Colleague: 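Got a structure for you, questions after.
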Number of protein chains: 2
Amino acid sequence: MRAAPKLADVLKALADPTRLRMVALLGSEEVCVCHIHTALRVPQPTASRHLSYLKRVGMVEDRRVGLWKHYRLRRLPDPAVQAVVDAARKAAGDSPGVARDCCRLVDAVRLIRSPIQTAPMA
Amino acid sequence: MRAAPKLADVLKALADPTRLRMVALLGSEEVCVCHIHTALRVPQPTASRHLSYLKRVGMVEDRRVGLWKHYRLRRLPDPAVQAVVDAARKAAGDSPGVARDCCRLVDAVRLIRSPIQTAPMA
DNA sequence: TCCATATATTCGTGTGTCCGAATATAGGAT
DNA sequence: ATCCTATATTCGGACACACGAATATATGGA
């Protein structure tokens, strides 16, 4: 299951509004949990749980960097299933809510620049 | 809601295995409920309920022909959302289960030719 | 009118899951 | 070792919904 998410799993994963926002927010570059829960304005356990769900299904992968944990979307082996994800991400991008999430993500990343340095530059 | 299904509604609709099979089965040509519940091997009330769900969301439309009721997929106004449906239909098409559904649908249509004549030819 | 067939709806039950709150674990710094 | 921060998990309750069974509605024909 971890390696090749089935279509049904992907659709169930995308059917939840919070997870859809997460998938829309995550691009090729990785984002850490604290940025996600800040951008989406959801409690940290909620963000963690949904990311855990997406990981279990095989849609994201994570990487530890010190205390932080970075998540990023996985490229799915089945191109037809990947196409569903792409279409959903594109459609979700039209939503003003997702646009706001992206803005807040940029702000969050700007504030907490990297796992190493906690303060903004200068 | 009826006119322009939102992305979230479409994803929730597709997240159910039975509805996904239905959407995969329904093409541009219309199919009546009896054929659907025969092809999918689900009880008639189940087929009716899910078709009702899809209609409420705005993904299908129906047409009465005597006792029969024919359903067909609707073209969605939002092209991005429509793309999600297309991708899901295409991905579902790879499933052997859906292939079997299609075969049974062809058989059913062959047996019950049209709303007017109940018996197969000759 | 009454009957037969196709479709729709209701009811009760079980299951899945989403959430908030609290707690647990992991890793780094001093 | 101890504390602090980031992340993960558990627990309980609430809610949505999918199903089987039974029943209701609608249409056509006698």
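In what follows, chains are A, B, ... by sequence order, proteins preceding strands, each numbered from 1. Below, all heavy atoms of this structure are taken into account, side chains as well, without hydrogens, waters or symmetry copies. What you are looking at is a predicted structure, and each value in this text was computed from that prediction instead of being measured.
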Colleague: In this structure, would V98(A) and V31(A) fall into the same cluster of hydrophobic residues linked by side-chain contacts under 4.5 Å?
Modeller: no
Colleague: Can we say D9(A) and K12(A) salt-bridge, meaning some charged N sits less than 4.0 Å from an Asp/Glu carboxylate O?
Modeller: no
Colleague: Give the rounded distance in Å between these two atoms: CZ of R63(B) and P of dT7(C).
Modeller: 13 Å
Colleague: What's the CZ-P distance between R21(A) and dC18(C), to the nearest Å?
Modeller: 15 Å
Colleague: Looking only at side-chain atoms of S48(B), point me to the closest of dA18(D), dA8(C), dT7(D).
Modeller: dA8(C)
Colleague: Would you say H70(A) and D62(A) make side-chain contact, with heavy atoms under 4.5 Å?
Modeller: no
Colleague: Can V33(B) and Y71(B) be said to form a side-chain contact (heavy atoms from CB on, under 4.5 Å), step by step?
Modeller: CA-CA 7 Å; V33(B) 180; Y71(B) 282 86; 3.4 Å; yes
Colleague: Considering only NZ, NE, NH1 and NH2 on the basic side and carboxylate oxygens on the acidic side, decide whether E29(A) and R72(A) come within less than 4.0 Å.
Modeller: no
Colleague: Can you see if the side chain of H35(A) gets near the phosphate of dA6(D) - specifically, an N or O under 4.0 Å from OP1 or OP2?
Modeller: no
Colleague: Please list each protein N or O that sits under 3.5 Å from an N or O in nucleotides 14-17 of chain D, with the distance.
Modeller:
| residue | atom | partner | partner atom | Å |
| --- | --- | --- | --- | --- |
| dC17(D) | OP1 | K12(B) | NZ | 3.3 |

Colleague: For I36(B) and dA8(C), give me the distance from atom CD1 to atom P, rounded to whole Å.
Modeller: 10 Å
Colleague: Walk me through it: do Q82(B) and D86(B) pass the test side chain to side chain donor-acceptor pair (under 3.5 Å)?
Modeller: CA-CA 6 Å; Q82(B) 176 67 50; D86(B) 292 338; 2.9 Å; yes
Colleague: Just checking T46(B): base, sugar-phosphate only, or nothing, at a heavy-atom cut-off of under 4.0 Å?
Modeller: sugar-phosphate
Colleague: Can you confirm whether L14(A) sits close enough to M59(A) that some side-chain heavy atom of one is under 4.5 Å from a side-chain heavy atom of the other?
Modeller: yes
Colleague: What's touching nucleotides 21-30 of chain C from the protein side, N or O pairs under 3.5 Å?
Modeller:
none

Colleague: Quick one: does V60(A)'s side chain get under 4.5 Å of V23(A)'s, heavy atoms only?
Modeller: no
